Amino acid sequence: MSGPLWQEPGDHVDTLPALPRQRDAASRSGPAADPLDALAVRLHGVVAAAVHPDEIAAILESDGMTDDHIRLAYGRADSFALAAALYRKVPRGHPEPPPPPAEPWHTGLLGSLLRGLLFALPGLGWLLAAPLLGEPALPPLLAGGLTGWMWNQAMAHRAYVRLGLGDRPAAARCLAAGAPAGALLSTAATVLCTGPGQGASAVFSSTQAVYLGAATALLVLGRERALLLCLLPLPAGTAVLLAADLPAWARALLLTASLAATLLTAARVLHRTATARPVPAPEPAGGLVASLPHGLFGLGAGVLVLYTALGEVFAGVPGAVVAGPSAVALTLGNGPAEWLLLRFRGGALAGLRSATTPGAFRRAAVLVLARCLTAHLVVLGGLAVAVTLLWPGAPGLGGVRLATLLLVGTVLWTGLLLQAFGAVTAAAAVVCAAVLVRAGLAAAGAGSPAAVGLVVSAAAAAALLVLVCVLLGRATAHRP
């Protein structure tokens, strides 16, 4: 308040406006007028909202109203007696509680679906490039792909941390430095794993690493539509392939156009954002070490997806080395998966507001988890069926293959969920352990690859689900 709540005798300056419905009481003059009525009008909002007279007394005293003034002006012994009189005179009128804040974890489903599409569209580049590469070589392709997957996951984390601190120019500078470094690292890994006669595959792997760095920068900065425009030559060329073959020069032109557009767009966006007015923000805690678990999680997730795709390679599925039906289904499912992650967080916050005991909140969180995970698996299963039916030469989607695919999807989704809540180290440990166990069993020849994949994926999914229920079933994990 801008002035005292009371006035000395003879002071005619009224610092508090009277309510319209009580203006006649405040404006009355004459010996019969009760000064308590005028004070009640001026303090109506405060008195009506008070739950005890002592609250009113504290306000009167804090504004400097002395007992002498109270006895002289209002005929009451002290502030407590005056507060009790005001409390009796003014009816209770507690204000309505403020509406709940807007859901901070809301995002549009279409935006998430667009991101899933952007994750999968580069796979069309393989269909265009396959005749140019001849016999694909796995070592350089896998070395470059896995290195890029790990690096870009860690780089995206560092940039997102800066975005979370409100420093968008610093995030752009991080991406501008990290994307070329990641491309060089992936190229070096590709060269080290390239054997005689594998040059074409090595060039494709290195080019893919350059694209992934630029695309990651655009996605982190929220430029999904710009990236979609850059990738349009790929679906356009694939559509032509459905009707007729394309000459080698046309395939190379489409691939080059898409890559050049992505690089130029990323360079323009990064330059404009990085040179914007600096934003004062604290330095992110943890440094490079904090991004290491994110990179390891990206590496482990990439290996699990590639194991799934390699099963289709050995089954003779054409093109499965880079973008088999299962890998495409998992990639397309990333968009709805991101949206469901946000649905889980929003549902958990709603449960936090409604639950009255820790047990009640834990049950609410597990129920939300079950709904979101079930929706993810339904979407993933539908995508797997659709892609398998549309993929030329793909074998039928058997029970073991479908179960393994859904279990891998569970591992990836629960791992991303833990990562979103800051438990990335636990998620990375489980995923990397699953990769090591699967690689060890495969090297030892223990069981068929399909059975090993099913058992290892089931164990990893179970471990991550237990971690989610334990860690995210606590109310403290959902603090904003």
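Since this is a predicted model, take the numbers as computed values, not measurements.
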Test item: Thr273 side-chain N/O and Pro169 main-chain N/O as donor-acceptor pair under 3.5 Å: no

Spacing of CZ belonging to Arg345 relative to CG belonging to Leu472, to within rounding of 0.5 Å: 9.0 Å

Please tabulate, for side-chain N and O atoms in residues 232-256, each donor-acceptor pair with protein atoms closer than 3.5 Å (sequence neighbours left out).
| from | atom 1 | to | atom 2 | distance (Å) |
| --- | --- | --- | --- | --- |
| Thr238 | OG1 | Leu234 | O | 2.8 |
| Asp245 | OD1 | Arg251 | NH2 | 2.7 |
| Arg251 | NE | Leu246 | O | 3.2 |
| Arg251 | NH1 | Leu127 | O | 3.3 |
| Arg251 | NH1 | Leu128 | O | 3.1 |
| Thr256 | OG1 | Ala252 | O | 2.7 |

Close side-chain approach of Trp413 and Leu464, heavy atoms under 4.5 Å: no

Full working for side-chain contact (heavy atoms from CB on, under 4.5 Å) between Leu231 and Tyr211: CA-CA 11 Å; Leu231 293 177; Tyr211 163 79; 3.5 Å; yes

Full working for side-chain contact (heavy atoms from CB on, under 4.5 Å) between Arg162 and Arg158: CA-CA 7 Å; Arg162 286 166 170 77; Arg158 293 189 60 76; 3.3 Å; yes

For Phe361, ring pair (Phe, Tyr, Trp, His ring centres under 6.0 Å) partners two or more places apart: His478

Student check: side-chain heavy atoms of Leu270 and Leu221 closer than 4.5 Å: yes

Side-chain heavy-atom pair Leu118, Leu228 within 4.5 angstrom cut-off: yes

Any Val366 side-chain heavy atom under 4.5 Å of Arg363 side chain: no

Distance, nearest 0.5 Å, that separates CZ of Phe297 from CG of Leu416: 4.5 Å

Under 3.5 Å: donor-acceptor pair, side chain of Ser457, backbone of Leu454: no

Student check: side-chain heavy atoms of Val379 and Leu340 closer than 4.5 Å: no

CG-CZ distance between Leu218 and Arg268, expressed to the nearest 0.5 angstrom: 9.0 Å

4.5 Å side-chain heavy-atom contact, Leu212 and Gln208: yes

Any Leu441 side-chain heavy atom under 4.5 Å of Val455 side chain: no

Distance in Å, Leu380 CG paired with Leu406 CG, rounded so as to fall on 0.5 Å steps: 5.5 Å

For residues 170-189, please give each side-chain donor-acceptor pair under 3.5 Å, one per line with the distance, not counting sequence neighbours.
| from | atom 1 | to | atom 2 | distance (Å) |
| --- | --- | --- | --- | --- |
| Arg173 | NH1 | Ala274 | O | 3.4 |
| Ser186 | OG | Gly148 | N | 3.2 |
| Ser186 | OG | Gly182 | O | 3.1 |
| Thr187 | OG1 | Ala183 | O | 2.8 |

Rounded distance (nearest 0.5 Å) linking atom CE of Met150 with atom NE2 of His294: 14.5 Å

Verdict with reasoning, Met155 to Thr216, per side-chain contact (heavy atoms from CB on, under 4.5 Å): CA-CA 9 Å; Met155 179 181 69; Thr216 299; 3.7 Å; yes

Ala202 backbone acceptor or donor facing Ser205 side chain under 3.5 Å: no

Smallest separation among heavy atoms of Leu296 and Ala428, with atom names: CB-CB, 4.3 Å

4.5 Å side-chain heavy-atom contact, Arg401 and Thr388: yes

Full working for side-chain contact (heavy atoms from CB on, under 4.5 Å) between Leu417 and Phe344: CA-CA 9 Å; Leu417 182 60; Phe344 171 82; 3.4 Å; yes

Distance in Å, Leu227 CG paired with Arg225 CZ, rounded so as to fall on 0.5 Å steps: 13.0 Å

